[in-house]
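Inspection log for the structure reproduced underneath, given as structure tokens.
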Amino acid sequence: MTGLRRHLKLAAALVVGASVVFCPDGVAAQEDGVDIPNAAVSASSARPAAGVARRLADLGVPGMTNTVVLQATAEWNVVQLIDFLTQKAGLRNVVISKGVGGLTTKLTFDGVTVADALEIVLSINNLSWEVRNGIMTIMTDEEYKALYGVSFYDQKKVEVVELKYADPTRVATMLDKVRSAIGTIVADSVTGSLLMIDTPEKIAEMRAIVSKTDIPTVSRVLPTETRTFVLQYADVETIQNEITALLSKEAGMVRSDKRTKTLIVTDLAHNMERIAQLVKTFDRTPRQVFIEAKIVETALNDDYSMGINWQNMFQSLDPRFSLQTVSQPGLPTAPALTLNYNTIVSGGDLSAVLEALKAIGETRILSNPHIAVMDGQEAMIEVVEDQPYKEVTLESGTTNVTGVTYLFKKVGVQLAVTPRINDDRFVTVTIKPEISSISQWYDGAPQEGTPVIRKALAETMVMVKDGVTIIIGGLIKDRRDVSSSQVPVLGSIPLIGKLFRYDVESSVNTETIVFLTPRIITGDEPFLLMKDTKKTPKPLRPVGGGSGASKEFKPLR
């Protein structure tokens, strides 16, 4: 302790003889002992923390300020000397440990307070003290360390200072000249921090120096680096937001150029690797899904008037084929238009399924669209017919027609598909189909009145393996077909021929079916039709001169 070093110079060399003189310096002698004040007890009764000053003068006992003159020409028993000094301080509740013993060195005190004299005696004999419940206990430092795990005289304090402007390495070099022999200074250039370990007095001294050196006129150069990232696939704004969240505080910054899809990032070296990994993760080749669709209409015979029974139909196919029913959460707008979902698994051939549909009734492909879409993006497939109808404008208050406007309603199949690919090459497809038809014309003949649209709406999510076909069925409607017949020859005679011609109107029950086959693609290969509709390439034939001449080839047409 600094105080102990200051007072040890009072110790004198051996003096022949021994005499003891006490000088109270105007302080009245205390016949009765005094208790240690409560404030001192509360401050010292808990386990002392490292770095907290332990001074007897801080106990607030009046007798500790008494001065003492002591000249010892011979060694003195330590226990007796401690007992003597505590009595001079007026302390009556003192316990001395059994481990305390031995002889003191030869001492000379002249006008020293009792508190300082007692501290010197305890320190040079490596003794410790503590106060609990108004009782002072004096023990060896080894006993103190066994009790608390630290030495009584370990007064090191730890303090961290965050610099705003100054270079921590340069400040640490400056403080190294100030620290005590037991002190340590650690500088961290990355965070701009100083770690100071020393006595409380030295910590306070160094803190004052830091406050005078860490000023705005000093600029700290951070160990940063700058790297340029040119994005190939990812969105610049999205990546910029992700990088901003990773930047080091007060050190990192990011700039972007949307035109060139470039990001310029400045940050600390250790954090730049995290940013580079983030860019690599987000800016990768996007996967795509090639969606092949077939929209088919099948005329239902009497056995299938309520719709196609897919389970029964698949029983007649190759045993390798199987059908899996998919539950769907969406509710259609009309019970008669309930949609159902199935998948053809085990590598089923779609051509065989289409052939099996012909056994049910006349089957025709209404549309065969194909579309490629990015992973996670929505693709829209529409196979619709614009149905016209009139909208008549009447003169106010009359039935006189002042104008006719033709409006159009989309009727048919509208299909929104959003695929998502996982690492196991499964595709989760969100399907939103809308299948509509005109059920009747309100207040007028066809194209004259207002069309009444009948719709089936649903939404489902199906997870299938790459290349597995999804079946969406359930749209059953009546199709009215009109055919003309005539008597041969007579039906072709002008004017009177219409007497020998007649129209036949028939009603056919049909079901519209949608087949969807998602295939994962990279974007490098050409988009092919379904695997069951591949065509064999035509051979090449030679053209040009005679048998010995070189020949050029062109494909057969």
Side-chain angles (χ1 to χ4, degrees), residues 287-298 304 306-314 321-348 350 353-354 357 365-384 410-437 453-477 510-521 530:
R287 293 178 292 184
Q288 300 182 64
V289 178
F290 187 46
I291 300 175
E292 305 169 280
K294 280 187 183 294
I295 302 175
V296 177
E297 183 182 75
T298 299
Y304 293 93
M306 299 301 294
I308 299 173
N309 187 322
W310 293 99
Q311 295 291 344
N312 291 344
M313 191 189 75
F314 267 71
F321 299 166
S322 63
L323 189 74
Q324 180 175 342
T325 302
V326 179
S327 60
Q328 53 91 13
L331 296 177
T333 56
L337 296 178
T338 300
L339 301 181
N340 54 73
Y341 296 83
N342 299 276
T343 58
I344 305 175
V345 295
S346 302
L350 186 55
V353 177
L354 296 178
L357 286 175
I365 298 177
L366 301 181
S367 181
N368 190 25
H370 303 77
I371 188 170
V373 62
M374 302 286 286
D375 181 25
Q377 301 296 316
E378 183 181 78
M380 179 64 71
I381 299 173
E382 290 188 350
V383 182
V384 297
K410 286 186 176 181
V411 177
V413 178
Q414 295 178 327
L415 196 61
V417 181
T418 304
R420 296 187 183 277
I421 308 170
N422 67 16
D423 293 337
D424 296 327
R425 295 189 66 82
F426 276 88
V427 183
T428 300
V429 187
T430 301
I431 307 171
K432 300 178 182 178
E434 177 181 324
I435 304 177
S436 59
S437 63
I453 307 298
R454 191 182 189 189
K455 294 182 178 180
L457 304 175
E459 180 177 352
T460 192
M461 185 179 294
V462 182
M463 185 173 69
V464 294
K465 191 72 174 176
D466 178 23
V468 171
T469 299
I470 304 168
I471 305 173
I472 306 173
L475 175 64
I476 302 173
K477 64 177 182 178
T510 65
E511 180 173 354
T512 302
I513 308 152
V514 179
F515 297 93
L516 288 179
T517 307
R519 302 186 192 280
I520 301 173
I521 60 174
M530 293 185 180

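These numbers were taken from a predicted model, which means no experiment stands behind them.
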- Item | Heavy-atom donor-acceptor pair, Asp466 side chain to Ile520 backbone, under 3.5 Å | yes
- Message: Give me the atom names and distance for the closest heavy-atom approach of Ile421 to Arg287.
- Response: O-NH2, 3.2 Å
- Query: Closest heavy-atom contact between Arg519 and Gly467?
  - Reply: NH1-CA, 3.9 Å
- Message: For the backbone of Gly412 and the side chain of Ser436, can you confirm whether one donor and one acceptor N or O come within less than 3.5 Å of each other?
- Response: yes
- Query: Is a side-chain donor or acceptor of Lys465 paired with a backbone partner of Asp424 at a separation under 3.5 angstrom?
  - Reply: yes
- Mind checking whether Val429 and Ile470 have side chains closer than 4.5 Å, heavy atoms only? yes
- Side chains of Ile513 and Leu357: closer than 4.5 Å at any heavy-atom pair? yes
- Query: Which pair of non-hydrogen atoms, one from Val296 and one from Phe515, has the smallest distance, and what is that distance?
  - Reply: CG2-CE1, 3.9 Å
- Task: Could you tell me which non-hydrogen atom of Pro433 sits nearest to which non-hydrogen atom of Leu415, and how far apart they are?
- Result: CB-CD1, 3.3 Å
- Message: To the closest 0.5 Å, what do you measure between CD (Glu378) and OG1 (Thr430)?
- Response: 9.0 Å
- Interatomic distance, Leu516 atom CG to Ile431 atom CD1 [nearest 0.5 angstrom]: 5.5 Å
- Separation between CD1 (Ile291) and OG1 (Thr517), nearest 0.5 Å, reads 10.0 Å
- Item | Reported NZ-to-CD distance for the pair Lys410 and Glu382, which is rounded to 0.5 angstrom | 4.0 Å
- Query: Just how far is it from atom CE of Met461 to atom CZ of Arg420, taken to the nearest 0.5 Å?
  - Reply: 8.0 Å
- Item | Spacing of Asp375 atom CG and Asn422 atom CG [to the nearest 0.5 Å] | 9.5 Å
- Item | Qualifying residues under side-chain hydrogen bond (donor to acceptor under 3.5 Å, both in side chains), relative to Thr418, sequence neighbours excluded | none
